[in-house]
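Note sheet for the following structure.
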Amino acid sequence: MDKLIHDDKGNATISNDGATIMKLLDVVHPAAKILVDIAKSQESEVGDGTTRVVLFAEEFLKEAKLFIKDGVHSKSYT
């Protein structure tokens, strides 16, 4: 499905490529920056599958959030 991205400079881009969409995003949140970096790495190394790896990483983050809410420290390995 095509997406329309409109930036603050008035430029519009229509794309269905996950890598293109991720490159156009201006993100501030650290977790979102990680997702953009993952997409860029996937695109440069493999050339395909950026949407899949971002969704996969998003699921990891969703599961990690539950542990954080339960008070599990990120350095706990037990």
Side-chain angles (χ1 to χ4, degrees):
M1 180 181 295
D2 289 342
K3 310 289 188 286
L4 173 63
I5 308 291
H6 187 275
D7 66 13
D8 56 352
K9 296 177 184 173
N11 300 323
T13 304
I14 298 174
S15 179
N16 66 355
D17 179 45
T20 302
I21 294 168
M22 295 299 281
K23 287 178 189 173
L24 294 173
L25 296 176
D26 183 28
V27 295
V28 178
H29 193 278
K33 286 183 179 183
I34 290 171
L35 294 176
V36 172
D37 288 343
I38 289 170
K40 288 179 182 177
S41 295
Q42 179 73 11
E43 179 69 17
S44 68
E45 293 293 323
V46 180
D48 194 20
T50 54
T51 303
R52 182 168 290 138
V53 297
V54 168
L55 292 174
F56 192 61
E58 182 269 336
E59 286 297 320
F60 276 122
L61 290 173
K62 190 188 311 181
E63 292 297 318
K65 184 178 180 180
L66 298 174
F67 288 110
I68 293 168
K69 282 185 175 182
D70 287 342
V72 177
H73 193 275
S74 62
K75 299 285 182 175
S76 298
Y77 296 105
T78 59

query: Any idea which heavy atoms bring S15 and I21 closest together, and the distance?
result: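 It is O-CD1, 3.8 Å.
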
[atom1]/[X] to [atom2]/[Y] distance, rounded to the nearest 0.5 angstrom?
| X | Y | atom1 | atom2 | result |
| --- | --- | --- | --- | --- |
| T50 | L35 | OG1 | CG | 12.0 Å |
| L61 | I68 | CG | CD1 | 8.5 Å |
| K3 | L24 | NZ | CG | 13.0 Å |
| K23 | I5 | NZ | CD1 | 13.5 Å |

Do [X] and [Y] touch side chain to side chain, with heavy atoms closer than 4.5 Å?
| X | Y | result |
| --- | --- | --- |
| T51 | L55 | yes |
| V54 | V36 | no |
| H29 | K33 | no |

message: Tell me if a side-chain donor or acceptor on Q42 pairs with a main-chain N or O of V53 at a distance below 3.5 Å.
response: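 Absent.
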
- prompt: Taking the side chain from D7 and the backbone from K9, do they hold a donor-acceptor pair closer than 3.5 Å?
  reply: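 Flag set: sc D7 to bb K9 pair under 3.5 Å.
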
message: Are there over 12 heavy-atom neighbours, none belonging to D26, within less than 6.0 Å of that residue's CG?
response: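 Not more than 12 within 6.0 Å, no.
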
field: Residue E45 excluded, over 12 heavy atoms near CD under 6.0 Å
entry: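 Result for CD/E45: open.
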
- request: Run the salt-bridge test on E43 and K40 with the 4.0 Å N-O cut-off and return the result as yes or no.
  value: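 Answer for the salt bridge query: no.
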
